[in-house]
Number of protein chains: 2
Amino acid sequence: MAETAEDLEDLTRTESVASSADSPESTPKQDEAQTPTARANTTKPSKPETKRNAFTELMAPKPRAPISQAPQSLASKASQVIRGVWRGALIEYIEHPERFPNQVLRVTAHTVLIKDAFPKSTIHLLLLPRSPAHYLLHPHTAFADASFLTTIRAEAAEAARLAAAELARQLGSFSASNRARDEAVGRGVPPDRLPPGRDYAREIRVGTHAHPSMAHLHVHIISRDMRSERVKHRKHYNSFNTPFFVPLADYPLAEDDVRRETGYQNANLRRELVCWRCGRTFGNRFAELKRHLEEEFVEWRAE
Amino acid sequence: MAETAEDLEDLTRTESVASSADSPESTPKQDEAQTPTARANTTKPSKPETKRNAFTELMAPKPRAPISQAPQSLASKASQVIRGVWRGALIEYIEHPERFPNQVLRVTAHTVLIKDAFPKSTIHLLLLPRSPAHYLLHPHTAFADASFLTTIRAEAAEAARLAAAELARQLGSFSASNRARDEAVGRGVPPDRLPPGRDYAREIRVGTHAHPSMAHLHVHIISRDMRSERVKHRKHYNSFNTPFFVPLADYPLAEDDVRRETGYQNANLRRELVCWRCGRTFGNRFAELKRHLEEEFVEWRAE
DNA sequence: TATTCCGATAGTGAC
DNA sequence: GTCACTATCGGAATGAG
């Protein structure tokens with residue numbers, strides 16, 4: 001899977017959507033921050049050699065919350081509850097996207113787009129709304145707000161285009177239906193005169209999980225394949241391949257939509273495994289599904 | 001555990017109970033027997049470098065039983081059913097003890113005494129009755145025969161003495177109550193004038209399993225400790241440390257003895273784990289019990 | 001429905 | 001209640017000095 005990891009690295013460099021990050025990976029200030037008194041609330045990674053992400057960032061040593069504090073709003077208290085536990089890890093990307101130049105792909109007024117730290121497909125991005133009024137809401141609640149939904153949908157569409165372009169870059173050379181375009185690129189044909197290639201946008205899905213584990217609102221932008229060594233158990237797979245995955249297009253959900261029901265969604269996660277591509281069933285035999293997905297991947301990318 | 005393995009090797013050499021084995025480990029005939037036509041019913045190990053035991057012996061490739069055979073007695077048919085499957089592996093020790101000089105400790109008119117191939121304690125022997133009229137019976141049935149029981153008991157007692165002597169040899173130097181004897185041995189005191197040491201016979205248990213998996217009647221002669229890397233799961237442990245283990249002294253069982261009941265014995269195998277020495281309970285936490293048994297072993301051998 | 005580690009549980013096949 | 005192998009399932013901790 002090293003190939004995949006390297007290719008995802010490339011994704012940060014291929015597009016014109018430069019992140020707003022402007023701080024270099026390492027600065028003298030970080031070394032100064034090693035003294036406990038200098039750390040205070042702005043946490044820094046204690047081991048510079050550790051690859052930085054929101055998890056290491058969030059879990060970095062910090063003093064216990066002081067007994068005497070300035071009065072807080074209810075909103076910031078809620079945020080405080082989340083901070084410092086894994087459920088709240090995404091807040092770091094939202095509040096400090098510039099700290100993660102390797103993960104953050106795009107920052108707009110409304111969202112931060114990052115690479116999922118544990119991608120479940122060849123391409124797996126997360127779109128994180130920045131609005132504090134929304135970002136701790138359950139997706140079903142947040143996307144009941146029509147205006148907010150419209151905003152996020154537009155950003156998600158842009159993210160999906162980016163994901164499709166990266167998928168084309170990574171897999172285009174394996175694709176039969178993309179061959180003419182691929183060869184034209186090889187001949188130096190300018191972009192505006194290239195023949196249409198495979199429609200990779202069709203292979204990108206956009207949606208939420210019915211029961212997110214990470215507290216902050218996030219929309220998955222994920223390629224169809226489910227080929228990743230990070231897919232390690234049934235729930236990983238079923239969370240993207242049953243109605244537990246709620247397409248962003250389906251929002252707002254009707255009040256009586258069955259997908260709101262906890263029991264129904266828990267059952268979805270425990271369903272028998274079914275190949276997303278050929279429909280073959282695998283019961284509980286996850287390892288067998290994994291081997292099968294490898295074969296399907298080869299055929300899928302060759303379409 | 002290499003120490004244990006080596007010490008068990010020693011057991012074949014320490015006592016005067018020479019096995020009846022007289023054939024060397026390897027003969028030219030075995031190589032001749034490699035051709036399929038020469039194998040017939042007397043199976044040979046196909047890979048000479050593999051350490052030989054009844055399992056490799058029994059499982060070695062052999063031709064299917066020929067369609068046309070001489071008429072057989074019912075007894076030999078029963079034996080035929082067992083032959084060639086794991087449940088019948090012990091027959092090789094019974095019929096061909098001379099093939100296993102490293103496993104067989106003693107052969108008498110009535111029994112073969114072997115080292116268990118997967119010992120569940122520091123000392124773990126199996127006493128195999130040679131009587132074809134008994135050796136495929138369930139232990140509860142076989143030991144309802146008073147005369148047979150008397151014979152096997154006498155042999156088992158001898159086997160237990162052998163086991164105790166080997167335990168003393170392996171562990172005597174760690175034992176407080178054995179120190180005087182140990183030091184006397186060191187000073188060259190003749191055996192008949194040695195002070196009494198620790199009573200290792202008390203640490204040897206003799207009995208059967210209520211539901212044996214190996215088809216041929218076998219009596220376990222096992223040291224008390226249960227310290228062995230071959231103890232790998234709960235059933236291994238509980239089969240020796242619940243009423244699933246039936247002391248030979250308890251035979252014949254009464255008709256209404258609860259230990260005859262299948263449901264009761266299956267429950268015994270699934271019981272929560274309890275340390276045989278201190279009575280501490282471990283629920284289902286087998287790994288924790290294993291670590292605890294290591295500590296108990298050190299204290300037990302120091303008694 | 002975060003991951004990771006450890007370990008308990010279950011099914012299979014065995015020349 | 002044979003073993004050995006593979007895998008599934010289940011709980012607990014989760015950073016760092």
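Chain A is the first sequence line, chain B the second, and so forth, proteins listed ahead of strands; every chain is numbered from 1.
- Side-chain proximity of B:K232 to the nucleotides D:dA4, C:dT3, C:dA8 is greatest for D:dA4.
- When rounded to the nearest whole Å, the span between NE2 of B:H124 and C1' of D:dT2 equals 12 Å.
- Residue contacts for A:K290: at a heavy-atom cut-off of 4.0 Å it reaches no nucleic acid atom on any strand shown.
- Residue whose closest nucleotide on DNA chain C sits further toward the 5' end, between A:T262 and B:N284: A:T262.
- Among the heavy atoms of the strands, none lies under 4.0 Å from A:N238.
- The only member of B:H124, B:K290, B:K120 that meets side chain to side chain contact (heavy atoms under 4.5 Å, CB included) when paired with B:M226 is B:K120.
- Residue B:F118 places its side chain closer to D:dA4 than to any other of D:dT2, D:dA4, C:dT4.
- Residue contacts for B:R291: at a heavy-atom cut-off of 4.0 Å it reaches the sugar-phosphate backbone alone, with no base atom in range.
- Taking atom CD of A:E288 as the reference point, atom C1' of C:dT12 lies 13 Å away to the nearest angstrom.
- Out of C:dT3, D:dC3, C:dG7, the shortest distance to the side chain of B:A287 is found at C:dG7.
- Summarising the geometry, the separation between CG on A:N266 and C1' on D:dG10 is reported as 16 Å, rounded to the nearest angstrom.
- Listed nucleotides: D:dT8, C:dG7, D:dT2. Nearest to the side chain of A:R285: D:dT8.
- In this structure, the nucleotide among D:dT8, D:dC3, C:dA14 sitting nearest to the side chain of B:H233 is D:dC3.
- For A:R234, whose side chain is taken as the heavy atoms from C-beta onward, the closest listed nucleotide among D:dG10, D:dA7, D:dC9 is D:dC9.
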Could you go through the side-chain contact (heavy atoms from CB on, under 4.5 Å) check for B:H216 and B:I91 one step at a time? CA-CA 7 Å; B:H216 294 87; B:I91 192 64; 3.4 Å; yes

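- For A:Y93, the ring pair (Phe, Tyr, Trp, His ring centres under 6.0 Å) partners at least two apart in sequence or on another chain are A:F100.
- Checking A:Y135 against A:H218 by side-chain atom types alone, no donor-acceptor pair falls below 3.5 Å.
- Residue A:R270 places at least one side-chain N or O under 4.0 Å from the OP1 or OP2 atom of D:dG10.
- The nearest whole Å value for the distance from the OH atom in B:Y237 to the C1' atom in D:dT2 is 21 Å.
- Taking the side chain of B:P212 as heavy atoms from C-beta on, and the options C:dT3, D:dC3, D:dT2, the nearest nucleotide is D:dT2.
- Remark: A:R205 pairs with no residue by the salt bridge (charged side-chain N to carboxylate O under 4.0 Å, His left out) rule, at least two apart or across chains.
- The salt bridge (charged side-chain N to carboxylate O under 4.0 Å, His left out) search around B:R285 returns B:E288, not counting sequence neighbours.
- Put simply, CZ on A:F282 is 14 Å from P on D:dA7, counting in whole angstrom units.
- With sequence neighbours excluded, the residues satisfying side-chain contact (heavy atoms from CB on, under 4.5 Å) with A:R270 are A:R234.
- At whole-Å resolution of the value, CG in B:L90 and P in D:dC3 are 12 Å apart.
- When base pairs are accepted only as Watson-Crick or G-U wobble with both N-N or N-O distances under 3.5 Å, DNA chain C takes part in stems of 3 or more pairs at C:2-14 with D:2-14.
- Of the P atoms belonging to C:dT3 and D:dG17, the separation is 25 Å, rounded to the nearest Å.
- Atom pair A:D116:CG and C:dT3:C1' shows a separation of 12 Å (rounding to whole Å applied).
- In this structure, CZ of B:R87 is placed 18 Å from P of C:dG13, rounded to the nearest angstrom.
- Residues forming a ring pair (Phe, Tyr, Trp, His ring centres under 6.0 Å) with B:F297 (at least two apart in sequence, or on another chain): B:W300.
- Place A:H220 and B:F286 on DNA chain C by their nearest nucleotides, and A:H220 ends up nearer the 5' end.
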